Amino acid sequence: MGNLNYGILSTSSIAPRFIAAVREMNAGNIVALSSRTKEKAEEKAKEWGIPKAYGCHEELLKDPEINIVYISSVNSEHFCQAKAALEHGKNVVCEKPCTMKLDETKELFKIAREKKLFLMEAEKMLFLPTLIEVKKCIEDGKLGKIYMADMSHSFSSSYNSWMFDAVLGGGPLYSSGIYAVQLLLWLFGDIKKISGEGCTFSDGIAWQYILSGTTESGVLFTAKNSTKGILDNTARIFGEKGWVEIPEYWKARKAIFHIEGSDDEIIEFPCKYELVYEAEHIKKCLDAGLITSPVVTEEISVKGIEILNKIIFDEWKKM
């Protein structure tokens with residue numbers, strides 16, 4: 001494919017980080033952005049150095065210069081916006097979760113296949129060199145057989161107020177639970193069993209949760225999040241020879257291996273924007289003529305939302 005000309009759909013807080021990553025890796029041109037108002041679009045376009053600003057997402061999708069759209073709006077809008085972009089003939093990168101429902105995610109990938117367009121859920125975590133090295137060490141037997149995994153994540157309830165609005169697709173399970181579930185799928189394969197307990201607000205949004213279960217390969221796991229309690233924001237993977245801890249695993253810059261009988265070993269991959277690896281991967285995929293990512297696969301996206309739907313609709317709705 002020739003030049004990637006991005007249209008940035010939404011002026012969300014993650015958008016400037018993705019823009020900076022694309023520019024740093026020379027992985028495309030940022031040619032336009034859209035917002036719900038012309039004023040907001042023009043303000044952010046000037047701030048971020050983007051040539052064109054649209055006060056309507058539909059106008060951005062009609063722009064013939066744009067051949068790929070990055071969607072970072074609120075969760076509830078992902079499906080309809082990604083579908084509209086595909087129907088306008090644009091390749092799509094959509095922030096996680098790709099959609100909020102299993103059938104919607106399946107439908108998007110079906111449309112992308114039919115139109116031979118690229119579609120990828122923006123799961124930056126799976127491109128991080130730290131996690132790639134951890135996965136390699138696990139596969140090489142550095143920790144021996146893996147028996148358990150534990151992931152914790154917390155953020156303030158004042159962060160992005162829409163995350164606590166059920167209508168907009170809020171809740172920490174969608175925002176951080178997807179990280180834990182997809183990391184487990186990526187590292188250990190299929191999840192055999194999973195259940196969850198959540199503490200909910202009156203509108204049904206869980207403000208904290210604990211997930212637990214087991215993978216098909218026999219790894220027992222827990223994953224927890226709180227918007228009130230301060231957790232240590234670390235993933236830990238335990239094997240018969242030792243364990244590895246990964247601070248802030250969803251944007252990991254380092255990991256510490258604790259191997260029995262050896263000194264601790266630290267691996268580090270510092271970077272300014274952790275999205276640079278994702279941006280580079282997208283360009284490589286499109287240059288190779290791919291319509292799906294070999295890393296954030298359709299299977300991982302489908303299984304990830306299927307698991308979240310099971311917890312939310314099969315368990316929490318009964319509480």
Side-chain angles (χ1 to χ4, degrees), residues 1-35 40-54 60 63 65-73 82 85 90-96 98 118-136 155 159-160 175 178-179 182-183 186 233 246-255 266-290 292-296:
M1 188 173 182
N3 289 335
L4 288 187
N5 293 328
Y6 275 96
I8 307 299
L9 195 154
S10 174
T11 53
S12 66
S13 59
I14 196 172
R17 292 160 53 202
F18 183 81
I19 292 165
V22 170
R23 287 171 170 165
E24 183 171 326
M25 300 305 289
N26 194 26
N29 306 309
I30 311 296
V31 302
L33 66 72
S34 60
S35 188
K40 182 65 174 290
E42 289 177 343
E43 173 195 340
K44 291 300 181 181
K46 182 179 180 180
E47 180 181 344
W48 300 338
I50 299 173
K52 290 185 278 189
Y54 295 111
L60 180 140
D63 187 331
E65 186 181 6
I66 293 168
N67 54 25
I68 184 166
V69 174
Y70 171 69
I71 297 170
S72 62
S73 51
K90 311 299 187 186
N91 299 292
V92 172
V93 176
C94 184
E95 269 301 329
K96 49 82 190 158
C98 187
F118 181 77
L119 171 63
M120 190 188 87
E121 182 177 16
E123 183 51 277
K124 63 181 181 181
M125 175 182 63
L126 303 187
F127 302 105
L128 299 174
T130 297
L131 289 182
I132 291 171
E133 183 63 21
V134 167
K135 183 176 184 180
K136 181 178 182 298
F155 57 87
Y159 175 73
N160 279 351
S175 66
I178 191 70
Y179 282 129
Q182 290 181 332
L183 182 60
W186 185 66
N233 293 323
I246 312 162
E248 295 185 313
Y249 65 94
W250 62 94
K251 56 180 179 179
R253 266 69 163 186
K254 72 175 181 178
I266 300 175
I267 58 171
E268 292 189 89
F269 295 90
C271 67
K272 186 175 182 180
Y273 304 106
E274 74 271 16
L275 282 75
V276 293
Y277 311 106
E278 175 182 78
E280 182 180 45
H281 176 80
I282 294 164
K283 184 177 187 304
K284 287 180 178 178
C285 285
L286 284 157
D287 284 347
L290 302 180
T292 57
S293 165
V295 178
V296 187

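Note that the structure is a prediction, hence the values are computed from the model and not measured.
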Report the C-alpha separation of Lys136 and Glu133 in whole Å, then their side-chain angles, then the decisive distance to 0.1 Å, and conclude whether the salt bridge (charged side-chain N to carboxylate O under 4.0 Å, His left out) test is met. CA-CA 5 Å; Lys136 181 178 182 298; Glu133 183 63 21; 5.3 Å; no
Start with the C-alpha gap between Ile132 and Trp186, add the side-chain angles, then the distance that decides, and say whether side-chain contact (heavy atoms from CB on, under 4.5 Å) holds. CA-CA 10 Å; Ile132 291 171; Trp186 185 66; 4.2 Å; yes
Please report the C-alpha distance between Asp63 and Asn5 in whole Å, then the side-chain angles of each, then the deciding distance to 0.1 Å, and finally whether the side-chain contact (heavy atoms from CB on, under 4.5 Å) criterion is met. CA-CA 10 Å; Asp63 187 331; Asn5 293 328; over 6 Å; no
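Note: Glu42 CD to Tyr54 OH = 12.0 Å, rounded to the nearest 0.5 Å. Going from atom CD of Gln182 over to atom CD of Glu121 covers 4.5 Å, rounded to the nearest 0.5 Å. Here OG of Ser293 is found 12.0 Å from NZ of Lys284. Values are rounded to the nearest 0.5 Å. Atom CG in Leu183 sits 11.5 Å away from atom CD1 in Ile178 (nearest 0.5 Å). Rounded to the nearest 0.5 Å, atoms CD1 (Ile71) and OG (Ser34) are 9.0 Å apart. How far NZ of Lys254 is from CD1 of Ile267: 11.0 Å, rounded to the nearest 0.5 Å.
Listed here is the closest heavy atom pair of Pro270 and Tyr277: O-OH, 4.4 Å. Nearest heavy atoms, Ala85 versus Val92: CB-CG2, 3.6 Å. Between Ala255 and Val134, the shortest heavy-atom contact is CB-CG2, 3.8 Å. In plain terms, the two heavy atoms of Cys285 and Pro294 that are nearest each other are SG-CD, 3.8 Å. The two residues Ala45 and Ala53 come nearest to each other via the heavy atoms CB-CB, 3.8 Å.
Two residues are said to be in side-chain contact when any heavy atoms from C-beta on lie closer than 4.5 Å; Val22 and Tyr70 fail this criterion. Put simply, the side chain of Arg17 reaches to within 4.5 Å of the side chain of Lys124, judged on heavy atoms. Residues Tyr249 and Leu128 have side chains not in contact (no heavy-atom distance under 4.5 Å, counting atoms from C-beta outward). At least one side-chain heavy atom of Val295 sits less than 4.5 Å from a side-chain heavy atom of Phe127. Here the side chains of Ile66 and Val31 are in contact, with some heavy-atom distance below 4.5 Å. Contact annotation: the side chain of Leu4 never approaches that of Asn91 to less than 4.5 Å [non-hydrogen atoms, C-beta and beyond]. Counting heavy atoms from C-beta on, the side chains of Val93 and Phe118 come closer than 4.5 Å.
A salt bridge links Lys44 with Glu47: the closest approach of a Lys/Arg side-chain nitrogen to an acidic carboxylate oxygen falls below 4.0 angstrom.
In this structure, Asn67 contributes its side chain and Asn3 its backbone to a donor-acceptor pair below 3.5 Å.
Within 6.0 Å of atom NZ in Lys52, more than 12 heavy atoms from other residues, nucleotides or ligands are found, so the atom counts as buried in its surroundings.
A donor atom on one side chain and an acceptor atom on the other are not found under 3.5 Å apart for Tyr179 and Glu123. Looking at Ser12 and Ser72, their side chains do bring a donor and an acceptor atom within 3.5 Å of each other.
A perpendicular orientation is assigned to the rings of Tyr6 and Phe18, their planes being inclined by more than 60° (bins at 30° and 60°).
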